[in-house]
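Counting from 1, the numbers follow the sequence of the chain as shown. Everything numeric in this text was worked out from a predicted model, so none of it was measured.
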Amino acid sequence: MTLRIYLVEDHQRIRDQLIPMLQELPDCRVVGVAESEADACHWLNNNQAAWDMVIADLFLQEGSGLAVLRCCRDRRPQQRVVVLTNTPNTSVRKWCKKLGADAVFDKSEELEAFYAFCAA
């Protein structure tokens, strides 16, 4: 079964690195990308059954990854939401978990754990 990933990341360079790496994981496919909170929430609300995992950055040029987490609150039990951020301090991790994130990873120091989570 293919893991369908929806990526919410506003930096092109990071998207250009993440997408090929995610698609190299066994049975993973990026099904869409959003750069803003509004675009992400619009797509997620209109494609509720089209994704298995959302990967969201917290700080977007337009809006916030926290709002994206809120958009995923009514997801199906098998759907996962992951935060990939540069600011994974204890408060941020707790807040993300409270809003429904299944996991929070540091972009600069926890990529191996992040890819292992995605592959699992």
Side-chain angles (χ1 to χ4, degrees):
M1 185 172 136
T2 300
L3 179 68
R4 300 165 298 165
I5 299 171
Y6 188 71
L7 179 63
V8 183
E9 172 60 62
D10 60 345
H11 288 94
Q12 182 71 44
R13 182 180 58 81
I14 294 171
R15 287 195 313 267
D16 289 346
Q17 292 173 350
L18 279 177
I19 292 171
M21 293 176 90
L22 289 167
Q23 294 188 149
E24 284 182 16
L25 294 173
D27 299 318
C28 289
R29 180 170 53 102
V30 176
V31 295
V33 175
E35 296 182 11
S36 71
E37 168 191 318
D39 289 345
C41 289
H42 177 78
W43 190 90
L44 290 165
N45 289 331
N46 289 299
N47 296 281
Q48 293 176 356
W51 60 275
D52 303 304
M53 181 181 289
V54 169
I55 300 169
D57 186 10
L58 284 185
F59 299 103
L60 304 169
Q61 288 180 357
E62 293 181 29
S64 165
L66 296 174
V68 174
L69 291 175
R70 287 185 197 99
C71 288
C72 297
R73 278 198 165 167
D74 295 328
R75 66 185 183 265
R76 296 176 304 185
Q78 71 273 22
Q79 291 175 312
R80 299 288 174 247
V81 179
V82 175
V83 173
L84 189 60
T85 183
N86 287 320
T87 57
N89 63 46
T90 303
S91 297
V92 167
R93 288 179 192 273
K94 284 181 184 178
W95 189 246
C96 290
K97 294 281 189 164
K98 184 177 180 179
L99 290 175
D102 295 292
V104 179
F105 296 98
D106 184 328
K107 284 181 185 178
S108 59
E109 297 190 16
E110 297 177 322
L111 282 180
E112 285 187 36
F114 163 71
Y115 289 122
F117 182 89
C118 293

Inter-residue atom distance T87.OG1 - R93.CZ, 0.5 Å rounding: 9.5 Å
ILVMFWY network linking L44 to V83, side-chain heavy atoms under 4.5 angstrom: yes
same_hphob_cluster(Y6, L58) at 4.5 Å side-chain heavy-atom cutoff: yes
Pairwise distance CG(L84) to CG(L111) - rounded to 0.5 angstrom: 6.0 Å
Sub-4.5 Å side-chain heavy-atom contact between I55 and L22: yes
In one Ile/Leu/Val/Met/Phe/Trp/Tyr side-chain cluster, 4.5 Å: L25, I14: yes
Pair listing, ring pair (Phe, Tyr, Trp, His ring centres under 6.0 Å) test, anchored in residues 78-110, at least two apart: F105-F114, F105-F117
CZ on R75 to CG on D52, rounded to 0.5 Å: 12.0 Å
Within 6.0 angstrom of N47 CG, more than 12 heavy atoms from elsewhere: yes
Between CZ on residue R76 and CD on residue Q48, distance to nearest 0.5 Å: 9.0 Å
Crowding at CD, Q12 (>12 non-hydrogen neighbours, <6.0 Å): yes
Polar side-chain atom of E62 near backbone of D10 as donor-acceptor pair, under 3.5 Å: no
Separation of K107 NZ from L18 CG (nearest 0.5 Å): 7.5 Å
Taking every non-hydrogen atom, the tightest pair across V104 and P88: CG1-CB, 4.4 Å
Nearest heavy atoms of C71 and N45, plus distance in Å: O-OD1, 4.2 Å
L3 with V31, same ILVMFWY side-chain cluster at under 4.5 Å: no
Side chain to side chain donor-acceptor pair (under 3.5 Å) partners of residues 23-44, not counting sequence neighbours, each pair once: R15-E35, S36-D39, H42-N46
Exam field: side chain R4 to backbone A49, donor-acceptor pair closer than 3.5 Å: yes
For the student: nearest non-hydrogen atoms of E9 and H11, plus distance: OE2-N, 3.1 Å
Note, I19 side chain near V33 side chain (heavy atom, < 4.5 Å): yes
Side chain D102, main chain V81, donor-acceptor under 3.5 Å: yes
For the student: nearest non-hydrogen atoms of L69 and A101, plus distance: CD2-CB, 4.0 Å
V8 reachable from V92 in the ILVMFWY side-chain graph, under 4.5 Å edges: yes
S64 side, atom OG; D57 side, atom CG - distance, nearest 0.5 Å: 9.0 Å
Pairwise side-chain contact, C96 with T85, heavy-atom cut-off 4.5 Å (strictly under): no
Shortest non-hydrogen contact from A67 toward C41: O-SG, 3.8 Å
Residue pair L99 / R73: nearest heavy atoms and the distance that separates them: CD2-NH2, 3.1 Å
Heavy-atom side-chain contact between M53 and C118 under 4.5 Å: yes
